[in-house]
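Working notes, beginning with the structure itself.
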Amino acid sequence: MTTAVLGGGLSGLSAGYYLLRRFGNPLTIYEASPRVGGWIRTEARKDRDFIFETGPRTIRPVGVPGANTLELMEELQLPLKPIPKSHVAARNRMLYAKGQLCMLPNSPRGLFGVKPPFTQPLYKALLHDLATGSTLAKNEDESIYSFAERRFGKEIADYAISPMICGICAGDAKEISVRFLMDGLFEKEQKYGGVLKGTLYARFKENVDEKKEGLFDQDQPKLYAQALQEKWAMYSIEGGLETLPCAMRKYLGQRDVNVQLSNQCKNLTFTKSGVRMSLRNADVPVDHVVSSLPAHKLAPLVKQQHPSLCEQLLEIPYVDVVVVNIQYDGNLLKQDGFGLLVPPIEKLPILGVIFDSCCFDMNGNTVLTVMMGGHWFDQWFGHQPSQKEILDTATKYVGQILDIQEEPKFSRVHMLHKCIPQYTVGHKRRVESIRKYLRDYKLPLSLCGAAYDGVGINDVILSARRQVDAIPRF
Ligand SMILES: Cc1cc2nc3c(=O)[nH]c(=O)nc-3n(C[C@H](O)[C@H](O)[C@H](O)COP(=O)(O)OP(=O)(O)OC[C@H]3O[C@@H](n4cnc5c(N)ncnc54)[C@H](O)[C@@H]3O)c2cc1C
Ligand SMILES: C=CC1=C(C)c2cc3[nH]c(cc4nc(cc5[nH]c(cc1n2)c(C)c5CCC(=O)O)C(CCC(=O)O)=C4C)c(C)c3C=C
């Protein structure tokens, strides 16, 4: 069976890895740009002993998706850099709200005091949940903001959930589906009439649930067991996260998988015997294609033969993010931690700041990443500001929030256009409908990647594995 993968980002490379394992060669991965990795990009400043990550920087070793990624890391023998749960970067997460830097509670004791930006002890939010019955009809969807407000009150929705959504998809919690991050809690609420009630009731079933996913019934990956034992909160890779796609490309290349860079797929034509892909210099027929492309990039490729599929794909919205990496000599941070998020209710042009040099050793440098834009990109950056204006905005807020007044020694501004999909209300049903369309028309096309089954690194790797496993054998 001849297979091909569209896209050489992490999901496409993972699809290549799992296709090779299941069907062997011939297998080709087509990537439009001259490099692999997609949004994963590390800029190493070799002369200065620090790195800038322009996309992701950490991976969570949690649950089946986390275990699956660690299995891949083990196979690739990558040198991981764990951050244990006791590390300051795992314990200290901050908000900038009401004009001050606020530390979020990191232990059960934190539920009982009143700490800004909250005006009530957090346990009251739990009482609110206990006192409120379930109010939505079964199996519906709603925004994560409205769910949090219903269950825990407006303060939690504004100062806990909304910034969390900014720190995962740069989105507006008022539009993002509750099923994006709280599918389980939502289901429990609907089933048992409350989040807390449902969580306590279902707790004893947790191990059963993990087994149900069926991937690691026999043995857990060794690295996952190690991560559990050593209580890792998250990890990166020596040299930065781009080490992962580079290692995958090498691994696949050594096993005769053809990874073609700068070869954009321009059209897909479904034929009686498979698919014809229009590529740089030729039309190539294959039996089955796995697309890892962002939904808005796949849409035009199927438009000619399947306009309604194209329209459904275009219903998955994306947002732009501005990433500003900055470096200063010496340690200038007065407060250590992972970083800070700015709740959207503050109406500031920044989404948050990550303290890279607190998470990982940067040889005495202070390295920060300021993230801006997202759902509010047009409002703040729609006038196409210059790189200097953007850098000035980032450093202004670093000055105001972190009291770092000096100019950065080194900086980079990146505009990430349509970099992160938004799982808005109804996303789950949209994806089901897209996949149903492929089944109904018996199209030899599988879809994986950040557009469909989760936006994190673990999610896109697992998405590739599941989609490859679901391809019927010829
Ligand atoms: C700013 C930012 C921070 C993030 N932080 C984290 C984090 O800390 N932890 C975490 O787990 N996740 C994080 N993520 C998410 C993670 O980076 C993504 O989920 C993941 O990289 C998506 O991989 P992908 O392969 O699905 O898509 P992509 O990376 O978008 O890859 C798709 C590839 O397809 C190629 N392509 C497009 N069109 C064509 C075509 N017609 N033909 C051939 N190739 C084509 C593109 O060039 C690209 O290489 C972050 C994302 C962003 C943007
Ligand atoms: C503290 C500041 C943070 C900013 C600013 C931030 C921006 C940002 N993040 C994404 C996408 C993802 N981030 C993810 C994980 C993650 N992000 C932060 C913090 C900030 N993110 C933390 C602490 C974590 C780890 C999560 C945890 O341990 O609880 C992920 C992966 C989520 C997962 O399922 O594992 C993604 C995806 C974007 C696009 C962004 C831009 C504003």
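Read the numbers this way: they start at 1 and go in the same order the structure lists the ligands and their atoms. Numbering of residues begins at 1 and proceeds along the displayed sequence.
- Not counting sequence neighbours, the partners of Q100 by the side-chain contact (heavy atoms from CB on, under 4.5 Å) test are C102, P116.
- Checking only distances, P294 never comes within under 3.5 Å of ligand 1, N or O to N or O.
- Looking at ligand 1, you won't find any N or O of T54 less than 3.5 Å from one of its N or O atoms.
- In terms of polar-atom proximity, defined here as any N/O pair under 3.5 Å, G449 makes no such contact with ligand 1.
- Residue contact annotation: V455 has a non-hydrogen atom under 4.0 Å from ligand 1.
- Remark: ligand 1 and S292 share no N or O pair separated by less than 3.5 Å (distance only, no angle test).
- By the criterion of a heavy-atom distance under 4.0 Å, both the backbone and the side chain of Q264 are placed next to ligand 1.
- Residues R21 and E75 are not paired through a salt bridge, judged by the lack of any N-O separation under 4.0 Å between the basic side chain and the carboxylate.
- For the pair V321 and ligand 1, no heavy-atom separation below 4.0 Å is found.
- Cation-pi geometry between K428 and F180 is not met at under 6.0 angstrom from the ring centre and within 45 degrees of the axis.
- Nearest-heavy-atom check against atom 45 (C) of ligand 1 across I354, L268, L293 picks out L293.
- Between V460 and ligand 1, not a single N/O pair is under 3.5 Å apart.
- Both tests hold for K174 against Y145: distance to the six-membered ring centre under 6.0 Å, angle to the ring axis within 45°.
- In this structure a side-chain-to-backbone donor-acceptor pair under 3.5 Å is missing from S11 to I461.
- Considering backbone and side-chain atoms together, N458 places no N or O closer than 3.5 Å to any N or O of ligand 1.
- Note: an N/O pair closer than 3.5 Å links A32 and ligand 1 by distance alone.
- For ligand 1, the polar-atom distance check finds an N/O of A450 within less than 3.5 Å of one of the ligand's N/O atoms.
- Under the 4.0 angstrom criterion for non-hydrogen atoms, L6 is not in contact with ligand 1.
- Contact shell of ligand 2 (protein heavy atoms, cutoff 4.0 Å): R60, R93, C166, G167, I168, A170, F338, G339, L340, L341, L351, G352, V353, I354, M371, I420, V455, G456.
- The backbone of R57, and not its side chain, has at least one atom closer than 4.0 Å to an atom of ligand 1 (non-hydrogen atoms only; backbone = N, CA, C, O).
- Here F338 and F355 keep their ring centres 6.0 angstrom or further from each other.
- The part of Y30 lying near ligand 1 is the backbone, judged by heavy-atom distances below 4.0 Å.
- A cation-pi contact, defined as under 6.0 Å to the ring centre and within 45° of the axis, is absent between R22 and Y18.
- The N/O atoms of E31, backbone and side chain alike, include one that comes under 3.5 Å of an N/O atom in ligand 1.
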